[in-house]
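For reference, the structure is listed below as structure tokens.
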There are 2 protein chains.
Amino acid sequence: MQNSFTEENYLKIIHALSGRDGGEVSTNALAESTATRAASVTDMLRKLAEKGLINYKKYQGVTLTEQGEKVAIKVIRKHRLWEVFLVEKLGFGWDEVHDIAEELEHIPSEILVEKLDNFLGHPRFDPHGDPIPDAKGNLTEPDYKVLTDVHVGEKVRMMGVLDHAPSFLQHLDRSGIKLGSVIEVKEINEYDKSASVQIDGGQSLFISLEVSKNLLVQRR
Amino acid sequence: MQNSFTEENYLKIIHALSGRDGGEVSTNALAESTATRAASVTDMLRKLAEKGLINYKKYQGVTLTEQGEKVAIKVIRKHRLWEVFLVEKLGFGWDEVHDIAEELEHIPSEILVEKLDNFLGHPRFDPHGDPIPDAKGNLTEPDYKVLTDVHVGEKVRMMGVLDHAPSFLQHLDRSGIKLGSVIEVKEINEYDKSASVQIDGGQSLFISLEVSKNLLVQRR
DNA sequence: AAAAAAATTTAGGCTAGGCTAAATTTTTTA
DNA sequence: TAAAAAATTTAGCCTAGCCTAAATTTTTTT
Ligand SMILES: [Mn+2]
Ligand SMILES: [Mn+2]
Ligand SMILES: [Mn+2]
Ligand SMILES: [Mn+2]
């Protein structure tokens, strides 16, 4: 049977909150992420467990079953492919596409997804640097580090963001930081952990700890 | 306030059933088109009237208000633009796109529609020959005639279909009839009104009355 | 112009997915 | 380790969109 829009959202959120270790997700965390109340979450968890999509024991938190994981990954695949479409083909900014993709990800047709993937040239990453699961459902999270873990003097490449909020992405735009940018850490301020960095060998600027915490980078 | 998926479908269907004269649409006709029961339709009509989207007096049938017409035309615009995208960009057949567009037409963002329209090069017609409303909401139905009204000896151009069912479209594919094809009526069988026609000056074939009734054509 | 038939609306219910308030269980703190 | 706090579940309600059965209105036939 088909899963509803709402069920798909729960599964996707459980996947995200579960992290790469697939740990238990709490009712309250889900209530927060779905912008509903804990009581409503409990109702839905019972339904998802009934359908075999999650492992749920009262008071114990939930994890995805293999089947639930599959569904979640399909939704993530669609979300990220649509984001690529919106940015690459329609000319949206990376700060504008999340909400629209949030709707498009629930359009059913398998064949649509595969034709879209083909049209886009089988992209591996979405506009925020997040990996796109392949048609078989394989999702490999590259292990990037956070900019706060980079030492003074190191040069790294910007590979993704942890925060997807438009305001954060726009802040990066104004700072001239984008996917692929080379970031050299020149200095770290002892007092507030802000960093002085140079972008692509050009402009130098200060980055707050808050920003550093949300930048995913890779040693080169 | 935003209109729901269901409300949008009602408005679109009322628009279609209302025809170019904007005549009253009956409860039963809506029940048939929405695949629901008359009682359910009545409920929804009261809600749409409440919102000022339709003119509704008990037992009298409904028409769209100006506001309702606007909403309906926006949905139609989205539906047809997405169909163009699916056929032109993703390579779907014209027989495969209706159901998918039926979902895509409810994705909200105005800006998405305009960017999509731009990406597609502002198409005037969808893959079935139906006119696409412009961004301002102008929808002009070209006045094509039905193939049954064409006399023997006339040559006409195929411009659209009345039936959008996949089986009908596939039948046309097998017959080599597509948008733009030139159809010359060679003979009309007195008994069953089937026609003998020649397509694009090449292949000759028989067309049943049922098919003729659903082909929109234009004198050249 | 009745009477019969058809169309439509009303009444009363159901499910999905929400909510608040109260009860229960688990976790933390003293 | 008992009490307090936090987390979670249960109970009871609500709205959107459906449904069936019964009542009402309109239309068609006699
Ligand atoms: Mn996103
Ligand atoms: Mn993304
Ligand atoms: Mn269609
Ligand atoms: Mn169409």
Side-chain angles (χ1 to χ4, degrees), chain A residues 1-15 17-19 23-64 68 71-72 75 102-103 105-108, chain B residues 1-15 17-19 23-64 68 71-72 75 102-103 105-108:
Chain A
M1 106 236 33
Q2 272 279 104
N3 304 299
S4 74
F5 191 107
T6 307
E7 289 167 339
E8 287 188 349
N9 279 332
Y10 269 85
L11 294 174
K12 196 180 56 151
I13 290 170
I14 293 168
H15 178 93
L17 295 179
S18 199
E24 279 86 19
V25 177
S26 75
T27 299
N28 269 355
L30 282 169
E32 160 113 40
S33 288
T34 55
T36 63
R37 299 317 185 92
S40 309
V41 172
T42 300
D43 284 348
M44 180 58 76
L45 294 184
R46 236 176 314 107
K47 208 172 66 162
L48 292 172
E50 194 61 44
K51 288 178 105 174
L53 296 165
I54 61 172
N55 304 115
Y56 172 55
K57 265 174 301 182
K58 284 208 294 189
Y59 295 101
Q60 306 303 301
V62 296
T63 57
L64 293 176
V71 175
V75 177
E102 208 58 45
E103 311 269 341
E105 73 189 4
H106 303 291
I107 303 287
Chain B
M1 102 230 43
Q2 271 280 104
N3 304 299
S4 75
F5 190 107
T6 307
E7 289 167 340
E8 288 189 348
N9 279 334
Y10 269 84
L11 295 174
K12 196 180 56 151
I13 290 171
I14 293 169
H15 178 92
L17 294 180
S18 199
E24 279 85 21
V25 177
S26 75
T27 300
N28 270 354
L30 282 168
E32 160 113 41
S33 288
T34 55
T36 63
R37 300 317 184 95
S40 310
V41 171
T42 300
D43 284 348
M44 180 57 77
L45 293 184
R46 234 174 319 106
K47 209 172 67 164
L48 292 173
E50 194 61 44
K51 289 178 105 175
L53 296 166
I54 60 172
N55 304 114
Y56 172 55
K57 264 173 301 177
K58 285 207 293 187
Y59 295 100
Q60 306 303 300
V62 297
T63 57
L64 293 176
V71 174
V75 177
E102 209 57 45
E103 310 270 339
E105 73 188 5
H106 303 290
I107 303 287

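None of the values given here were measured: they were computed from a predicted structure. Every chain is numbered from 1, with letters handed out A, B, ... down the list of sequences. Every heavy atom of this structure was used, including side-chain atoms; hydrogens, water molecules and symmetry mates were not.
Of the candidate nucleotides dT26(D), dT9(C), dT9(D), dT9(D) has the atom lying nearest to any side-chain atom of A38(A). The listed nucleotides are dG18(C), dT8(C), dA7(D); the one nearest the side chain of Y10(A) is dG18(C).
For the side-chain hydrogen bond (donor to acceptor under 3.5 Å, both in side chains) criterion with E7(A), the lone passing option out of Q2(A), K51(A), K12(A) is K51(A).
Between D43(A) atom CG and dT15(C) atom P there is a gap of 14 Å when expressed in whole angstrom units. In this structure, CE of M44(B) is placed 12 Å from C1' of dT15(D), rounded to the nearest angstrom. Distance CZ (R37(B)) to P (dA7(C)): 14 Å, rounded to an integer number of Å. Atoms CG (N3(B)) and P (dA16(D)) sit 13 Å apart, rounded to a whole Å. Atom OH of Y59(A) and atom C1' of dA7(D) are 9 Å apart (whole Å). dT26(C) atom P lies 14 Å from atom CD of E24(A), rounded to whole Å. Taking atom CZ of residue R46(A) and atom C1' of nucleotide dT8(D), one finds them 12 Å apart after rounding to whole Å. The separation between L45(B) atom CG and dC18(D) atom P is 12 Å, rounded to whole Å.
Around CD of E32(A), the count of heavy atoms belonging to other residues, nucleotides or ligands within 6.0 Å does not exceed 12.
Here T36(A) lies in heavy-atom contact (under 4.0 Å) with sugar-phosphate atoms only. Note on T42(A): a base of the nucleic acid sits closer than 4.0 angstrom, heavy atoms only. Among the atoms of the strands shown, only primed sugar atoms or phosphate atoms (P, OP1, OP2) are found under 4.0 Å from some heavy atom of T27(A). If you check every strand for non-hydrogen atoms under 4.0 Å, S40(B) touches a base. Within 4.0 Å (heavy atoms only), F5(B) reaches no atom of the nucleic acid at all.
For the pair Y56(B) and dT9(C), the criterion of a side-chain N or O lying under 4.0 Å from OP1 or OP2 is met. Considering only side-chain N and O atoms, N28(B) lies under 4.0 angstrom from the phosphate OP1 or OP2 of dT8(C). Dashed line: the shortest gap from a side-chain N or O of K58(B) to OP1 or OP2 of dT10(C) is under 4.0 Å.
Of all non-hydrogen atoms in Y56(B) and A49(B), the two that sit nearest each other are CB-CB, 3.9 Å.
Nearer the 5' end of DNA chain C, as judged by each residue's closest nucleotide, is the contact made by A39(B), out of E7(A) and A39(B).
Using a 4.0 Å cut-off between a side-chain N of Lys or Arg and a carboxylate O of Asp or Glu, K57(A) and E24(A) do not qualify as a salt bridge.
Here the side chain of S18(B) pairs a donor or acceptor atom with the backbone of G23(B) at under 3.5 angstrom.
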